[in-house]
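Remarks on the structure that follows.
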Amino acid sequence: MLRKSRMISYLLLLTLSLGACNKGENRLPTTENIETRVPAANQQKPETSNDYQITDSNYSKSDDKFNYNIKYPQISGLSDHDKQKKINSILKDEALKVLKFYENPYGSVELNIDYETVLKNTNMLSIQYSGLGSVSNAAHPSSLFYTTNINIKTGDKLRLKDIVNTDKNFANTFLSGNFKALRPEHSKVLDNFTNEKIQARFNEADSLDNIGTEKQSDVFSYYTKDSLGISIGVGHAMGDHAEFEIKYQDIKDYMKTENEIWKDF
């Protein structure tokens, strides 16, 4: 009887000890030690480079006198619809300004222009246009090249002089071989330019407003993920235009850093 009583007491003590140990180890989580993240209902997502998309548009005509097709981009997805409308208007208008060159042709016109997006990020969109234009009575077709650059934050068109200091030192950097020709046959074409002449052209760059007149600009800039590109007009035998590029790290002294487009480079 005594042995049985001792056995019961021992089992009771063992049960109480195990319960005390498990009480601390198997504690269920409470609201005090669970971190809960609840997104703000009205929090606006900041625009990033993936917040707008690019789609193809085209403007075409075909009759006895004109046969042209011009492709150009339009964007969608910006939260600011007024700014998106403004940008799309600029993209279309700039793409079609090439038609001014053929307003009074002396023959039938054949024109085909396509575009390439060379840079798309949070702050900037850079578009290259290229193609062929010909008039039936002309000696040869013309190889065309022009660009449009857009500040995505403001919705404004950008020109070379908005982005870099186009002073005599920058012009000298361009002429002294720091910019690399994309085609080997263009490596010597800059020998015929003076500093003053190229500087004046840089200050008028990126405008088609005077196309077809004596004041026509034939210098255009474009931007890639790591380089600034500049296109200049050359003779038809050399291809009508020549492109040169330089790494951004090599033009730090000329950057207008107050322009927000440089934040992405």
Side-chain angles (χ1 to χ4, degrees), residues 54-76 85-119 125-150 157-160 181-186 189-190 192-193 197-198 200-223 229-244:
I54 298 175
T55 55
D56 294 339
S57 290
N58 75 291
Y59 187 80
S60 61
K61 182 178 181 178
S62 182
D63 59 26
D64 293 339
K65 198 169 186 178
F66 293 97
N67 184 15
Y68 57 76
N69 186 57
I70 301 173
K71 295 180 181 179
Y72 61 91
Q74 295 283 268
I75 68 168
S76 61
K85 184 178 179 180
K86 176 183 178 182
I87 291 173
N88 282 334
S89 179
I90 292 173
L91 289 170
K92 180 179 179 180
D93 291 347
E94 291 297 313
L96 301 186
K97 281 182 180 180
V98 69
L99 290 173
K100 291 182 180 180
F101 190 76
Y102 301 97
E103 283 184 340
N104 299 299
Y106 48 84
S108 59
V109 174
E110 186 86 21
L111 176 65
N112 287 285
I113 300 292
D114 205 346
Y115 79 90
E116 179 183 358
T117 303
V118 290
L119 182 67
L125 178 64
S126 185
I127 304 294
Q128 287 181 359
Y129 296 94
S130 60
L132 286 176
S134 63
V135 180
S136 59
N137 295 324
H140 52 72
S142 297
S143 179
L144 305 172
F145 184 97
Y146 55 101
T147 65
T148 301
N149 304 301
I150 302 290
K157 177 187 169 183
L158 290 166
R159 297 176 64 179
L160 181 63
L182 297 194
R183 295 168 62 180
E185 61 267 32
H186 291 152
V189 300
L190 299 181
N192 298 320
F193 290 89
K197 186 175 182 180
I198 204 68
R201 292 197 177 190
F202 283 170
N203 287 326
E204 298 300 323
D206 300 312
S207 175
L208 286 168
D209 293 341
N210 295 315
I211 190 170
T213 72
E214 293 180 356
K215 296 182 179 180
Q216 174 179 318
S217 172
D218 58 0
V219 176
F220 297 92
S221 66
Y222 60 90
Y223 303 81
I230 295 179
S231 175
I232 64 169
V234 296
H236 178 71
M238 296 296 292
D240 292 319
H241 55 86
E243 286 70 59
F244 301 83

Inset, instruction - For Glu116, check side chain to side chain donor-acceptor pair (under 3.5 Å) against everything at least two apart and list the hits. - result: none
Legend entry - Partners meeting side-chain contact (heavy atoms from CB on, under 4.5 Å) with Gln74 (sequence neighbours left out): Thr55, Ser57, Tyr72, Asn88, Leu91, Lys92
Inset, instruction - Please name all residues satisfying salt bridge (charged side-chain N to carboxylate O under 4.0 Å, His left out) with Asp209, sequence neighbours left out, ordered by chain then number. - result: Lys97
Inset, instruction - Can you sort out the partners of Tyr129 under ring-ring contact (aromatic ring centres under 6.0 Å, His included), two or more places apart, ordered by chain and number? - result: Tyr146
Legend entry - side-chain contact (heavy atoms from CB on, under 4.5 Å) partners of Ser76, counting only residues at least two apart: Gln53, Gln84
Legend entry - All side chain to side chain donor-acceptor pair (under 3.5 Å) counterparts of Lys157, not counting sequence neighbours: Glu94
Inset, instruction - List for me each residue that meets side chain to side chain donor-acceptor pair (under 3.5 Å) alongside His186, sequence neighbours excluded, and say none if there are none. - result: none
Inset, instruction - Apply side-chain contact (heavy atoms from CB on, under 4.5 Å) to Thr117 and list each qualifying residue two or more places apart in sequence or on a separate chain. - result: Ile54, Tyr115, Lys120, Leu125, Ile127
Legend entry - Set of residues satisfying salt bridge (charged side-chain N to carboxylate O under 4.0 Å, His left out) with respect to Asp114, sequence neighbours excluded: none
Inset, instruction - Just jot down the side chain to side chain donor-acceptor pair (under 3.5 Å) partners of Ser231, sequence neighbours excluded, or say none. - result: Glu243
Inset, instruction - Output all residues satisfying ring-ring contact (aromatic ring centres under 6.0 Å, His included) with Phe101, sequence neighbours left out; order by chain, then residue number. - result: none
Inset, instruction - State which residues pass side-chain contact (heavy atoms from CB on, under 4.5 Å) with Asp63; sequence neighbours excluded, sorted by chain then number. - result: Lys61, Lys65, Phe66
